[in-house]
Structures are given as C-alpha cells and as structure tokens.
Visitor: 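Sending over a structure as structure tokens; questions will come in a sec.
The model shown is predicted, which means the values in this text are computed figures rather than measured ones.
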Amino acid sequence: MTAADSQATATDPFDIAIKRENDYLRRLDVSVDPAQVAAARRREAARLRKTTRIKGFRKGKVPVRIIEERYGPLIDERTVDALVNRAYRNAVRRHDLSTIGEPVVSELDYRPGERLSFRIDVEVMPVVELARIGGFRVKRREVAVEDADVDEVIENIRKENAVLQPVDRAPRSGDVVAVAIREHEGGDGAEEKPYRFELGAGYAIPDVEDAILALAPGEEGTFTVSYPEDFGAAELAGTTRSLQIRLDEVRASELPELTDEFASEIGNFGTLADLREAVEKELLARGERQADEEVGERLLDAVIEANAFEVPPSLTSRYLDRVIDAPEGADPEQVEEARKSVTPQVERQIKRDLVLERLIEDQGLDLSSEEFDERLSELGKARGKSLVETRRQLAKEKQLDPLRRRFAIDKAFRFLIDGSDVS
C-alpha cells in the first residue's frame with residue numbers, strides 16, 4: 001500500500017476491494033462501517049426534515065420521531081443511494097479508473113444499524129499491452145503506373161479546364177442546359193422557375209432529363225413527369241405532374257488541346273511531356289503510399305491478433321450508435337440486425353484505434369512541433385502556399401488535429417514496416 005493509499009484509507013469511510021474480472025470489467029466489493037452508515041442516515045433524515053411540511057408543525061420543525069415513522073423507508077433508500085454513489089466516485093478516483101458505460105450495483109445488503117455491503121460492476125477502457133509488435137512477414141503488392149492511368153488523369157485535367165460554349169443543337173448528356181419549368185395545371189399564372197445544370201449528372205430526375213433531351217434550343221413542350229417515391233420534396237414524392245419545360249440554352253464543354261502551351265498554362269511545365277512525367281510520378285507516389293497503408297493495416301491486424309484483448313460491450317454499443325443512425329419509427333428488429341452485421345467491423349475499428357494509440361504513445365511516434373511544421377510546409381508547397389497560410393487554412397477547416405494524427409499514424413505504419421519482413 002502506498003502512502004497515498006494509506007492517507008485515502010484514513011479519511012475514506014469505505015472499504016473497497018477491486019478485482020479484475022477481465023480486460024474491461026472491474027468488480028468493486030464495498031463495505032461501509034455501521035457508524036458511517038448511521039451518520040449518513042442521520043444526514044438524510046435531517047435533509048428530509050428541513051423540507052417536509054406536516055400539518056401542526058412549522059416547516060423544518062417536525063420532530064425526528066415523526067419523520068422516522070412516516071418516511072423511514074425513504075430515508076433508508078436515500079441513505080443507500082448516497083453511500084453507493086459516494087463509494088463509486090471514491091473508487092474511480094482512488095484507483096484512477098477510466099470508466100465507460102453505467103455501473104451495475106448488485107448483492108446489496110442493508111439493514112439499519114448494521115454494516116452496509118454491495119458490489120459494483122463497471123466497465124473500463126481496456127489496458128492494451130503490446131508484448132509483440134514486430135517480426136511479422138507480409139507481402140507488399142507491386143506498384144505500377146500504366147500509360148492509360150496517366151491519360152485518364154490528364155483527361156480529367158482537360159475537363160477541369162474546359163470552357164462552356166453555346167451550341168445550336170439538341171442537348172446531349174454532359175451538356176449544361178438552361179431551362180424554365182412550370183406546372184402545366186397552373187395555367188399561365190403558374191410560377192416559372194429557371195434552372196441551370198449538367199445533364200447526366202443526377203441534378204434532375206430521369207423524366208425531366210428525358211424531356212429536355214427531346215427539345216431543341218428555344219423549344220418548349222408539355223411533359224408528364226413521375227417523381228420517385230424517395231424524392232426530397234415530400235409534397236412531390238411519388239406523384240405524377242404535367243410540366244411545361246422550355247429549353248433556353250445548351251452549352252457544351254470545349255476541351256483544350258493537349259499542347260505544350262496547355263501544359264505551361266496549368267502549371268510549371270515546359271512541355272506536355274513534362275506534364276505527363278509529373279503525373280506519372282504523382283501516381284506512382286500515391287500508389288506507393290496506398291501500398292504502404294495496406295501493409296500497415298495488415299501488420300496492425302497481426303499486432304492485434306498477437307496481443308489479444310476484449311472490447312467493452314458498452315464501448316462497442318457507443319460506436320454502433322454512431323454508425324447505425326436509425327430514423328425514428330424504424331423497425332427495431334431490422335435495426336438490431338443491422339447492428340449485429342457491422343459489429344465485427346466496429347470491434348476491429350475500436351481495437352485498431354486503441355492499438356495505434358498505445359503504439360504511438362509507447363514508441364514516442366507523435367509529431368513534435370518542428371516535425372509538424374515541416375510536414376505542413378511540404379503540404380503548403382504542393383498547394384503553392386506558405387506555412388502560415390497553410391496553418392491558417394487548416395485551422396479554419398478544423399483539420400489541424402486530424403492531420404497531426406494522420407501523420408502520427410503514418411509514422412506508426414512505417415515503424416511496423418521497419419520492424420517486420422515486408423517483401
């Protein structure tokens with residue numbers, strides 16, 4: 001027993017024995033001296049006496065004998081509640097328990113004037129001990145970049161730099177159209193609403209898109225349109241309406257030509273070949289990072305398997321509440337089935353987070369301020385921004401802490417890879 005424990009025992013009315021039932025469950029066997037029970041009961045009786053009104057007595061002046069006669073069971077109940085709650089708080093503080101979920105009280109033995117005893121079962125965050133963190137063997141997939149991969153990226157860059165030009169033809173998927181729509185049943189007085197969107201991108205329901213595709217610029221027509229059952233506007237969902245649709249304009253994307261000039265306009269590239277080389281390098285670097293992450297995750301699974309521990313049910317339940325956000329009125333059986341189906345993934349995620357946290361702490365893999373600034377500077381250079389600008393933007397987006405953790409996880413993966421046989 002430490003000096004701190006001796007001091008706590010001297011001033012603490014509770015005799016608490018703590019037992020580890022498993023990785024996450026702790027059993028607290030609590031005993032309270034009869035004198036302490038009696039003192040607690042007197043306090044509860046005094047509190048009740050102060051607030052009780054009984055005819056013939058002033059408030060707070062009711063004799064203790066009458067309070068006991070009328071409210072004895074209530075005083076007993078409040079006494080037990082007070083002592084149980086106080087014992088639980090003291091145990092959590094004294095033993096530095098990182099509790100989760102609600103404590104469960106059982107085996108309560110209470111008789112006025114005698115020793116009080118009870119049991120509290122409480123779940124705590126599991127203590128993760130990493131006895132083995134290396135010496136595993138895994139294969140790493142080969143990373144290669146094909147010409148078609150580079151072509152796809154460059155084609156996307158062309159689309160991002162495309163210019164919308166008016167065209168005098170029937171619209172096609174991918175065109176941007178300007179239309180005016182009103183409900184036909186409303187007559188000439190119905191409100192006409194303008195819209196501009198890309199066809200084929202999911203901005204309009206299929207029937208409306210089909211109607212627009214049947215028009216030429218400047219034309220209008222009346223179309224019967226059926227709204228899906230899950231349409232966002234409840235008053236329209238599942239209904240059929242007659243709409244007057246006018247096609248005012250069609251614009252098509254005009255892609256820039258793949259020339260050296262195009263390459264120099266979108267970045268610091270002298271030629272189109274330089275652009276292709278830069279894209280290939282970026283794709284290769286991205287592939288290498290993804291391959292490392294895959295290896296890191298597999299090694300993390302190996303660490304979890306080699307250092308098995310149980311996940312507290314209440315912690316799993318808390319995660320499931322976030323994953324399965326069931327709408328009001330949902331079928332309870334379907335919700336429970338959904339929770340069961342994702343429980344293995346949720347438990348794996350919890351173990352992953354706990355093991356990574358322990359690994360980062362044990363191996364000192366968290367980033368220093370200097371390391372973090374260095375990584376932010378690299379990130380800023382890729383975006384053409386200074387460290388100050390990058391930090392300010394990330395702080396505004398509330399991404400500094402998540403990014404710092406991401407960098408620490410990268411270091412943890414590298415630590416695991418360096419400590420195992422990766423071929």
Visitor: Could Glu129 and Arg358 be called an ion pair, given the rule that one side-chain N must be under 4.0 Å from one carboxylate O?
Guide: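 Between Arg358 and Glu129 there is no salt bridge, as every charged N stays at least 4.0 Å from the carboxylate O atoms.
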Visitor: Taking CD in Glu235 as the centre, count heavy atoms belonging to other residues, nucleotides or ligands within less than 6.0 Å. Is the count above 12?
Guide: yes
Visitor: Ignoring hydrogens and angles, state whether a donor on the side chain of Glu123 or Ser314 is under 3.5 Å from an acceptor on the partner side chain.
Guide: yes
Visitor: Should the heavy atoms of other residues, nucleotides or ligands under 6.0 Å from CD of Glu374 be counted, would the total exceed 12?
Guide: no
Visitor: Within the distance-only criterion (no hydrogens, no angle test), does the side chain of Gln363 pair as donor or acceptor with the backbone N or O of Ile360 below 3.5 angstrom?
Guide: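 Absent.
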Visitor: If you draw the axis of the six-membered ring of Tyr319, does the NZ or CZ of Arg322 fall within 45° of it and under 6.0 Å from the ring centre?
Guide: yes
Visitor: Verify the neighbour count for atom CD of Glu371: are there more than 12 heavy atoms of other residues, nucleotides or ligands below 6.0 Å?
Guide: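 Count over threshold, so yes.
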Visitor: Would you call Arg141 and Glu288 a salt bridge, taking side-chain N to carboxylate O under 4.0 Å as the test?
Guide: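 No, Arg141 and Glu288 are not salt-bridged.
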Visitor: Testing the 3.5 Å rule here: is there a donor-acceptor pair between the side chains of Glu389 and Gln393?
Guide: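 Note: Glu389 and Gln393 side chains miss the donor-acceptor criterion.
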Visitor: Are a donor atom and an acceptor atom from the side chains of Asp274 and Thr271 found within less than 3.5 Å of each other?
Guide: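 Side chains of Asp274 and Thr271: pair found under 3.5 Å.
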Visitor: Does a side-chain N-to-carboxylate-O contact under 4.0 Å join Asp292 and Arg414?
Guide: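 Judged by the 4.0 Å cut-off on N to carboxylate O distance, Asp292 and Arg414 do form a salt bridge.
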Visitor: Under a 3.5 Å threshold, yes or no: a donor from one side chain and an acceptor from the other, between Glu152 and Asn156?
Guide: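 No - no donor-acceptor pair under 3.5 Å links their side chains.
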Visitor: I'd like to know if the side chain of Ser31 pairs up with that of Arg115 as donor and acceptor (distance under 3.5 Å, no hydrogens or angles considered).
Guide: yes
Visitor: Say whether Ser317 and Arg339, considering side chains only, have a donor N or O and an acceptor N or O under 3.5 Å apart.
Guide: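 Distance-only check passes for Ser317 and Arg339.
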Visitor: Tell me if the CD atom of Glu249 is crowded by more than 12 foreign heavy atoms within 6.0 Å.
Guide: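 Enclosed: over 12 neighbouring heavy atoms sit under 6.0 Å from CD of Glu249.
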Visitor: Between Asp29 and Arg27, is the closest basic N to carboxylate O distance under 4.0 Å?
Guide: yes
Visitor: Is it the case that more than 12 heavy atoms not belonging to Asp401 sit under 6.0 Å from its CG atom?
Guide: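 Not more than 12 within 6.0 Å, no.
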